[in-house]
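Sequence lines set the chain letters: A, B, ... in the order given, protein chains first and strands last, and positions in each chain run from 1.
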There are 2 protein chains.
Amino acid sequence: MASVSKREHIISHALPLFYQNGFNATGIELIISQAGVSKKTLYKYFKSKDDLILSVLTKRDEIFRRKLIDKTEFLGKTAEGKLLALFDFLHAWFNEVNFFGCMFINASAEFTDIEHPSHIVCSEHKNKIKAYIKSLAFEANIKKSSELSAQLNILMEGAIVEAHVSGDKNSAIKAKKMAEVFINLALSTD
Amino acid sequence: MASVSKREHIISHALPLFYQNGFNATGIELIISQAGVSKKTLYKYFKSKDDLILSVLTKRDEIFRRKLIDKTEFLGKTAEGKLLALFDFLHAWFNEVNFFGCMFINASAEFTDIEHPSHIVCSEHKNKIKAYIKSLAFEANIKKSSELSAQLNILMEGAIVEAHVSGDKNSAIKAKKMAEVFINLALSTD
DNA sequence: AACAAAAGAAACCGATCGGTTTCCTTTAAA
DNA sequence: TTTAAAGGAAACCGATCGGTTTCTTTTGTT
């Protein structure tokens, strides 16, 4: 197995463990046993557990946004439809068997300091998603695309928390109805 | 110091430590040194760390809702004004020096299993807040009080996450403007 | 002043933590 | 086929984890 893929192999096995059980609660020993590698190998590719966590979060950012964008582009025919499709993506996600909330919200809960490297990755992840939403709003010829993206982002975050903390599997549907209001408002005031 | 107050003493000192550094990352040794009690005493009043965590979350639920309700009732003159005042409360909270997000969202991140006792306390905390919002909506003669409370709850959760993860100290202002839309919508369709 | 309960200090427990080192086997390239 | 790097297994490291025990001091009550 080549170096690059071995590194990826470890990351992909560590990811679901961190996601399901948290970062502090997941030990290195468990990760290597699940990945089928030795400690020596893990520490060859990652200089510390913090380094591994950072790499996992970066990977998760890539995977998650790729899925979000792909599904949104697939489901939405118009730019306006794509904005609404964001919530269909959320709905499907919330109803997956292995849904444990947003990994970045969860990471921010354990690394509360906003200056912490892991927290920064979380903040940047959210920024990238907001930028994508804004690009969709722009595509829909909405003048106040920044305002709308901030609004839809709040709705998405709220739906995620409601789904995870309260176990409300239909929170994305509720948020979608709310999103319609703001999209129509933004379109009408253009 | 009487038994009851000593128990409360430990809880009140453990609370900010858990809030700031998380649950798994906060050790018993740190808690007793901050509280100025011995391990023996701590384990006299709490049968385990999990038990202490549960007690801290229960205490936090009481303190937080008391503050939310008091401030909301103080700021809002009408029932409608109280619904909006919820977001003024959030705004003040987000701008406190020691704001590290919602302790219940954070706890749910570490105890992801929805059946976990600590997660259940978090879910119930959110239910109680939704019930309070609903009572305000009812007071404002809004027929669909359940729907509105669910909507405002999503906005509040979204604002909290945005404030904590992205450090946006004005997210409550944005959410408040969004809330106005739904309050007016609920009032007009009555 | 005598006494019992409460609580502090600290040693101690086994387990686990993140991380390093040693030794041996597998692998792949020359 | 020789050789060297890669990687697995596991011992080992000091530190810390949650939790218990022992022993001593403090406290409050009679």
Verdict with supporting geometry, B:Lys82 and B:Glu139, salt bridge (charged side-chain N to carboxylate O under 4.0 Å, His left out): CA-CA 10 Å; B:Lys82 288 175 192 170; B:Glu139 193 183 325; 3.1 Å; yes

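- Contact annotation: A:Thr41 reaches the phosphate of D:dG8 (side-chain N/O to OP1 or OP2, under 4.0 Å).
- Remark: aromatic rings of A:Phe64 and A:Trp93 are close, center separation under 6.0 Å.
- To the nearest angstrom, P of D:dG19 lies 7 Å from CG of B:Asp50.
- The separation between B:Ile32 atom CD1 and D:dG19 atom P is 12 Å, rounded to whole Å.
- At the phosphate of D:dG7, OP1 or OP2 sits under 4.0 Å from a side-chain N or O atom of A:Tyr45.
- Looking at heavy-atom distances under 4.0 Å, A:Lys40 makes contact with a base.
- Phosphate contact (OP1/OP2 of C:dG8, side-chain N/O of B:Lys6, threshold under 4.0 Å): present.
- A straight line from CZ of B:Phe23 to P of D:dG18 spans 13 Å, rounded to a whole angstrom.
- The distance from atom CG of B:Leu17 to atom P of D:dG18 is 12 Å, rounded to the nearest whole Å.
- The distance from atom CG of B:Leu30 to atom P of D:dA15 is 18 Å, rounded to the nearest whole Å.
- Over its full length, the helix from C:dA1-D:dT30 to C:dA30-D:dT1 turns its helical axis through 10°, comparing axes from the five pairs at each end and rounding to 10°.
- Residue-to-nucleotide proximity on DNA chain C shows that, of A:Lys39 and B:Val37, the 5′-proximal contact is made by B:Val37.
- Rounded to an integer number of Å, the gap from CG of A:Asn24 to P of D:dT16 is 15 Å.
- Within 4.0 Å (heavy atoms only), B:Thr26 reaches sugar-phosphate atoms of the nucleic acid but no base atom.
- B:Tyr45 does not carry B:Lys47 over the face of its six-membered ring by the limits of under 6.0 Å from the centre and within 45° of the normal.
- Taking atom CD1 of B:Ile28 as the reference point, atom C1' of D:dT20 lies 13 Å away to the nearest angstrom.
- Residue side chain A:Lys49 does not reach the base of C:dG18 through any donor-acceptor N/O pair under 3.5 Å, judged by distance alone.
- For the pair A:Ile31 CD1 and D:dG8 C1', the interatomic distance rounds to 18 Å; values are reported in whole Å.
- Within 6.0 Å of atom NZ in A:Lys169, more than 12 heavy atoms from other residues, nucleotides or ligands are found, so the atom counts as buried in its surroundings.
- Between A:Gly36 and A:Glu29, the residue anchored closer to the 5' end of DNA chain D is A:Gly36, taking for each the nucleotide with the nearest heavy atom.
- Between the CD atom in B:Glu110 and the NE2 atom in B:His119 there is a gap of 12.5 Å [rounded to 0.5 Å].
- For the pair A:Lys77 and A:Phe74, the distance from NZ or CZ to the six-membered ring centre is under 6.0 Å and the angle to the ring normal is within 45 degrees.
- In this structure, of C:dG19, D:dC23, D:dG7, it is D:dG7 that holds the atom nearest to the side chain of A:Ser38.
- Side-chain atoms of B:Tyr132 and B:Leu86, non-hydrogen and from C-beta on, do get closer than 4.5 Å to each other.
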